[in-house]
Amino acid sequence: MKASTHTEIYRPFVGELARGGMRWRPLAQSTLRSALRKKLPLLLFAPPAIATVIFSFIVYAKFAVESGSNPMPGAQDAGPSPIGAIGGMAGNLIQVREMIVGFHMAMDFFALLIVAWYGSGLIAEDVRRKAYLLYFARPLTRIDYLLGKWLPLVLLGAGATLLPGVVICTVAAFASPHWSFITEEGDTIWKMLLYSLVSVCVQTSLILAVSSLTKRKTHALAVALGFFALTAGLGAMLAGMNREPGWNMLSVFGCLKRIAAGLFDLKRLGHFRSFEWSLSWTWIVLGAWVVLAWVVLFWRTRRLELNG
Amino acid sequence: MTSASAAPVIEIHELSKSYGSVRALDKLSLTLEGGAVGLLGPNGAGKTTLIKLLLGLLVPDSGTASIAGSNPATAAGRLALRRSVGYMPESDCLIPGMSAIELVATLGELSGLSREDAMTRAHEVLDYVGLDESRYRDCEQYSTGMKQRLKLAQALVHDPPLLLLDEPTNGLDPKGRKHMLELVADLGTAQGKSLLVCSHLLPDVERTCERVVVLKAGHAALEGSIADLTQRRGRRLRANFGGALEPLDALLAQAGIAVESTSGNSRVLVLNEAEADADSLFALCGRAGVRIESLSELRSSLEQVFLEGLSREEPA
């Protein structure tokens, strides 16, 4: 026998509907909940998490060696500590600033994977399933809709760059003797925050724009990853052929590296031996990509709302 | 059926919409009052286009519309009308990876409910449509009937006074269809909602609506209350007679009472407006020496009205 409590009685709503307000918030919350519901893709966060632990320890070891203490107190009776040796080497060879930049360069790749995976279906699947009809049959503006899709993606991308950066900087601040990391390298923290935000905002905007142009998540994923790979390859090829490093501005990651080098005052970074192209132009090119992405997003969302 | 309201809920003036060379709506003008209205028409008649135009999900080529006092052509009007309208689309359009309760509550919040109210309302409307035990299941696992009921629930979550239902019984089995029609009929009568039910299934509209608009090639071919339209063809009676019927048939022909169909001693008779009380029928039977064993009134089916409306020539 079916045990049921439902009565199928309609109860009118007593109260008032809010006018205005942040309608993007419930959409963003539900987008984030839906994204995190499947467990397997969460493995994409494993490499940044592992890297964060390793880098945090290296930073801790560097400062511990500098201050003359053993970074592994439990191992002091077991002879010469290999960890201590590594820490000493790190302390001698690696500057924390460069470590953080290098870490972020590496994490950009994982951030791209995370943003591409979670973001490629956000608008494409709405279009394929016509779910936008449910959204736009409600008092939801196009900006609300876009913010409700974009902000969760920024949050997920920040999980691979911003959050690890904050953790590493926090470890560095607490481990450094007399708070020297904050007093001497304090600008690294805000530069790291700025770079992470720029990186995540650029990637999420482009991925979301690609998602709005396709009708399937798989198509959007392929196009998005292809776009980043193609621009990087094309930029590197033209720079090599013309012996003009400025062609690297074609690449989104090339632009991000140039901005990182400019922000952190580095002469070389990764496979880029020199940054002899204009930082101002790099900002302009990167800004143009973002503007283009948002123009596409507004155009496509307008079509969804008014050409449903 | 009782009307929810006598005030015009939807006013359309010379509304036109084309898709390329295809004219979906052609200078359509309508005024619909509250209550349950059926929007009938063959495929491609412009039913879904009209609903989307009313919601502001399409931009008209020309003409104006007003729904719930708001103009869907302006951004402010769209936001205002979407607060007071619930829309049940024809296509599945459910958001993957969400349970029914989460979907309805989220859409309730987007309509302007607080988080707590949205959750309470979501439970209430899912109870109402009979999805009480399945509310925590992923809606991707739902059957067609459950999806239809879920779409109705999301349209109801903010308790709008006007519901636009696009093919609510689409793809349902007889049991599911019966349940859906009961819900729609209850919303139109007991709950006092104004309904615009878009369907190509005439019995569904006949059962749930009091008025009907028949769309044909983008314009209204027929409009009015179902009761009036089905009476328009004259009063129809089914009579079973006792005795020899030849004299009666002759007298009926003389009196101008048409015999629509004949089966043994049974006749379906069509009385004109002047014969509304059927007294003349009794008089003719007396003269012919025939007794009336049973007499029942028949209504013209909506299908007949619908086909008549579609077969009418367009005005020059």
Side-chain angles (χ1 to χ4, degrees), chain A residues 2-38 118 121-122 125-145 148 217 302-308, chain B residues 52 55-59 75 78-89 91-98 102-103 105-115 117-118 120-121 124-133 138 151 154-159 164 182-183 186-187 190-192:
Chain A
K2 181 184 168 190
S4 177
T5 55
H6 88 265
T7 51
E8 297 196 3
I9 292 172
Y10 187 80
R11 295 182 179 87
F13 171 61
V14 182
E16 273 196 28
L17 298 177
R19 291 174 184 273
M22 294 186 290
R23 292 282 157 82
W24 54 266
R25 202 166 58 185
L27 183 58
Q29 286 170 341
S30 76
T31 302
L32 200 58
R33 276 197 297 269
S34 299
L36 297 178
R37 182 155 295 155
K38 289 184 178 168
Y118 286 109
L122 282 184
E125 287 297 305
D126 277 0
V127 173
R128 186 168 75 87
R129 294 170 186 265
K130 297 190 175 179
Y132 62 88
L133 289 174
L134 296 183
Y135 292 132
F136 288 121
R138 298 186 144 72
L140 186 75
T141 63
R142 293 194 282 273
I143 292 175
D144 285 331
Y145 177 77
K217 179 180 177 171
R302 188 179 188 281
R303 278 182 65 89
L304 289 185
E305 188 194 1
L306 299 178
N307 290 302
Chain B
K52 286 185 174 177
L55 271 170
L57 292 172
L58 285 175
V59 180
R78 280 196 293 277
L79 292 182
L81 79 87
R82 289 169 185 174
R83 265 190 285 272
S84 46
V85 174
Y87 174 46
M88 177 182 175
S91 49
D92 266 2
C93 68
L94 297 176
I95 302 155
M98 290 176 98
E102 198 178 346
L103 175 82
T106 300
L107 293 173
E109 280 189 83
L110 293 180
S111 299
L113 295 170
S114 66
R115 179 72 189 155
D117 283 343
T120 306
R121 282 292 299 168
E124 285 175 358
V125 291
L126 287 171
D127 258 356
Y128 175 67
V129 300
L131 287 175
D132 52 326
E133 291 179 345
D138 188 336
K151 284 193 292 178
Q154 64 78 29
L156 284 171
V157 67
H158 54 301
D159 195 23
L164 305 181
E182 284 169 359
L183 289 170
D186 180 62
L187 288 167
Q191 312 309 330

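Chain naming here is simple, since letters A, B, ... match the order of the sequence lines and numbering starts at 1 in each. Keep in mind it's a predicted model, so treat the numbers as computed, not measured.
Only the side chain of Ser91(B) comes within contact range of chain A, with at least one heavy atom under 4.5 Å from a heavy atom of that chain. In this structure, the portion of Arg37(A) lying under 4.5 Å from any heavy atom of chain B is its side chain and not its backbone. With a 4.5 angstrom heavy-atom cutoff, Arg19(A) touches chain B via backbone and side-chain atoms both. Looking at Glu102(B), the atoms closer than 4.5 Å to chain A (heavy atoms on both sides) all sit in the side chain, from C-beta outward. Using a 4.5 Å cut-off between heavy atoms, Glu109(B) touches chain A through backbone and side chain atoms alike.
Listed options Val85(B), Leu183(B), Leu113(B) were ranked by heavy-atom pairs under 4.5 angstrom with chain A; first place goes to Leu113(B). For the set Leu156(B), Leu126(B), Leu187(B), Thr120(B), the entry with the most heavy-atom pairs within less than 4.5 Å of chain A is Leu156(B). Ranked by heavy-atom pairs under 4.5 Å with chain A, the list Leu107(B), Leu103(B), Val59(B), Leu79(B) is led by Leu107(B). Among the candidates Ala35(A), Ser34(A), Gly15(A), the residue making the largest number of heavy-atom pairs closer than 4.5 Å to chain B is Ser34(A).
With a 6.0 Å radius and a threshold of 12 heavy atoms from other residues, nucleotides or ligands, Leu36(A) has its CG atom above the threshold.
Rounding to the nearest 0.5 Å gives a distance of 11.0 Å between OG1 of Thr141(A) and CZ of Arg78(B). One distance of note links CG of Leu27(A) with CD1 of Ile95(B); it measures 8.0 Å at 0.5 Å rounding. Separation of atoms OG1 (Thr106(B)) and OH (Tyr135(A)) is listed at 7.5 Å; rounding is to 0.5 Å. To the nearest 0.5 Å, atom CG of residue Asp117(B) and atom CD of residue Glu16(A) are 11.5 Å apart.
Side-chain contact check for Leu306(A) versus Leu58(B): every heavy-atom pair is 4.5 Å or farther apart. Looking at heavy atoms from C-beta onward, Lys52(B) lies in side-chain contact with Leu133(A) at the 4.5 angstrom threshold. Residues Val157(B) and Arg138(A) form a side-chain contact, since some pair of their non-hydrogen atoms from C-beta on lies under 4.5 Å apart. Here the side chains of Ser30(A) and Met98(B) are in contact, with some heavy-atom distance below 4.5 Å. Residues Tyr10(A) and Asp159(B) form a side-chain contact, since some pair of their non-hydrogen atoms from C-beta on lies under 4.5 Å apart. Within the 4.5 Å cutoff, the side chain of Arg115(B) has no heavy atoms near those of the Arg25(A) side chain.
Shortest non-hydrogen contact noted between Pro26(A) and Leu110(B) is CG-CD2, 3.8 Å. Smallest separation of non-hydrogen atoms from Pro139(A) and Arg83(B): CG-CG, 3.7 Å. The two residues Leu134(A) and Pro89(B) come nearest to each other via the heavy atoms CD2-CG, 3.8 Å.
For the pair Arg121(B) (side chain) and Arg11(A) (backbone), a donor-acceptor distance under 3.5 Å is present. At least one donor-acceptor pair closer than 3.5 Å links the side chain of Arg82(B) to the backbone N or O of Phe136(A).
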